[in-house]
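What follows is a set of notes on a single structure, which appears directly below.
As the structure lists them, so they are numbered: ligands from 1, and atoms in each ligand from 1.
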Amino acid sequence: MALPKLKKEEIPNHVAVVMDGNGRWAKKRGLPRTAGHEAGEAALFDVVQGAIQIGVKELSAYAFSTENWKRSPEEVKFLMGFNIDVLRRRRDEMNDLGVKIQWVGRPNRLWKSVIKELEVAQALTKKNKVLTLNMCINYGGRSELIDAVNDIASLVSKKKLKAGSITEKELTKHLYSPKMSDVDLFLRTSGEHRTSNFLPWQSVYAELVFMDVLWPDVTRQTLWDAIEIYASRERRFGKA
Ligand code: FPP
């Protein structure tokens, strides 16, 4: 594996990943879908290390969406337990690498045991500065915006904010992770060309890169290939 030779300004600050294709990877091998999720863990942590090596500062991983509750009760249960397990097994290693773990998502409906594990990981890694890893669990872009709007409406009704005065900056303060930076590179695997309710507010100027590889087959090289594509794009942010 070769680290691409790129200038600092060609490296995205924030990469968002939709880790898609676990189910299909497992099916191709005659395995249960959950085996695909299990195989996806190594891919995520290789990508974390590749992100650190190349100088990405923030990585957002879509680990469970607000729509994933529609999956079979067995798969939902597996994914909840698996998230707990992964956080427990990986938090020390992430801490040693200087990774700051941050949960991004809606508390409603999410298992309390998952929230507790996220809080432990956040507390352990809160001072780290090498890379922020946003674990997006029970995350949905629309629910994030609805929750922000409801917060703001309640402040308006208490006369703490004025209707008609809400700015982008104010709305950002009410997102699940107000400090999150805009997404530069939005990467989805498995050949699907959709963004599926992932970080819509933060991704309005993101470069979208879709790759055919199934998530469990992803390595840090896949991230680096996506970054080379990103570096070849011209970003204008509305300018001519
Ligand atoms: C999509 O594949 C993947 C998910 C629903 C997210 C879960 C991701 C992982 C478990 C990998 C990393 C692990 C953790 C805990 C961070 P899919 O099931 O939609 O695949 P398919 O489209 O082929 O059915």
Side-chain angles (χ1 to χ4, degrees), residues 15-52 58-95 97 99-106 109-111 113-122 124-125 131-141 143 177 186-199 210-220 222-223:
V15 178
V17 286
V18 179
M19 308 181 284
D20 199 11
N22 296 344
R24 277 163 283 168
W25 181 93
K27 195 171 175 210
K28 273 196 347 197
R29 287 163 177 77
L31 299 168
R33 295 178 52 78
T34 51
H37 299 316
E38 279 170 341
E41 177 188 341
L44 175 61
F45 290 100
D46 203 55
V47 165
V48 167
Q49 290 172 68
I52 293 172
E58 191 166 0
L59 182 72
S60 294
Y62 209 3
F64 191 89
S65 78
T66 46
E67 286 68 42
N68 288 153
W69 296 107
K70 293 182 202 146
R71 297 194 172 193
S72 72
E74 296 74 41
E75 188 170 345
V76 167
K77 189 167 170 230
F78 173 85
L79 285 169
M80 290 293 130
F82 188 55
N83 272 289
I84 293 172
D85 188 38
V86 168
L87 285 160
R88 261 191 212 149
R89 281 189 286 100
R90 297 282 186 167
R91 66 186 173 219
D92 287 332
E93 179 190 346
M94 290 299 105
N95 193 33
L97 289 171
V99 173
K100 176 179 179 168
I101 297 174
Q102 175 70 49
W103 169 41
V104 182
R106 189 184 236 178
R109 217 173 159 184
L110 184 58
W111 288 20
S113 48
V114 177
I115 297 179
K116 200 173 150 262
E117 218 53 59
L118 283 160
E119 285 169 350
V120 171
Q122 283 186 171
L124 176 74
T125 62
L131 173 89
T132 300
L133 173 62
N134 297 312
M135 292 296 294
C136 302
I137 302 179
N138 200 27
Y139 176 85
S143 63
S177 178
F186 185 112
L187 170 63
R188 183 178 189 140
T189 57
S190 90
E192 305 290 349
H193 297 187
R194 288 186 295 280
T195 58
S196 300
N197 207 12
F198 193 39
L199 303 173
F210 300 104
M211 295 181 111
D212 288 336
V213 57
L214 301 175
W215 181 259
D217 292 327
V218 164
T219 66
R220 67 189 79 187
T222 318
L223 172 73

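- The shortest N or O to N or O distance between Tyr62 and ligand 1 is not below 3.5 Å.
- Atom 16 (C) of ligand 1 has Leu44 CD2, 3.4 Å as its closest protein atom, hydrogens excluded (heavy atom only).
- Put simply, CD on Glu117 and CE on Met80 are 13.0 Å apart, with the number rounded to the nearest 0.5 Å.
- The distance from atom CG of Leu79 to atom CG of Asp85, rounded to the nearest 0.5 Å, is 12.0 Å.
- For atom 10 (C) of ligand 1, the closest heavy atom belonging to the protein is His37 CB, 3.6 Å.
- Nearest protein neighbour of atom 24 (O) of ligand 1, counting heavy atoms only, is Arg33 NH1, 3.0 Å.
- Annotation: atom 20 (O) of ligand 1 to nearest protein heavy atom, Gly23 N, 3.0 Å.
- Taking all heavy atoms of Arg90, Met19, Arg71, Met80 into account, the minimum distance to atom 5 (C) of ligand 1 is reached by Arg71.
- A pairwise comparison of heavy atoms in Val17 and Phe198 identifies O-CE2, 3.7 Å as the closest pair.
- Residue contact check for ligand 1: Gly21 places a non-hydrogen atom closer than 4.0 Å to it.
- Nearest non-hydrogen protein atom to atom 6 (C) of ligand 1 is Ala63 O, 3.3 Å.
- Side chains of Arg106 and Thr66: a donor-acceptor N/O pair is absent below 3.5 angstrom, by distance only.
- Rounded to the nearest 0.5 Å, atoms OG (Ser190) and CE (Met211) are 12.5 Å apart.
- From the protein, the heavy atom lying nearest to atom 9 (C) of ligand 1 is Asn22 ND2, 3.5 Å.
- Classified by interplanar angle (parallel below 30°, tilted 30° to 60°, perpendicular above 60°), the ring pair His37/Phe78 is parallel.
- Looking from atom 15 (C) of ligand 1 to the surrounding protein, the closest heavy atom is Asn83 OD1, 3.3 Å.
- Looking only at heavy atoms of the protein, atom 13 (C) of ligand 1 is closest to Phe82 CE2, 3.8 Å.
- The closest approach between any non-hydrogen atom of Ser190 and ligand 1 is not below 4.0 Å.
- Those atoms of ligand 1 that come under 4.0 Å of a heavy atom in Arg24, given as number and element, are 21 (P), 22 (O), 23 (O).
- Not a single heavy atom of Lys27 sits less than 4.0 Å from an atom of ligand 1.
- With no hydrogens or angles considered, a side-chain donor-acceptor pair links Arg188 and Ser196 at under 3.5 Å.
- Contacts with ligand 1 closer than 4.0 Å are made by side-chain heavy atoms of Met135 only, the backbone lying farther away.
- Residue Glu41 has no nitrogen or oxygen atom sitting less than 3.5 Å from a nitrogen or oxygen atom of ligand 1, judged on distance alone.
- No side-chain donor-acceptor contact under 3.5 Å links Asn138 and Trp111.
- Under the 4.0 Å criterion applied to side-chain N and carboxylate O atoms, Lys77 and Glu74 are not assigned as salt-bridge partners.
- In this structure, Leu97 CG and Phe45 CZ are separated by 10.0 Å, a value rounded to the nearest 0.5 Å.
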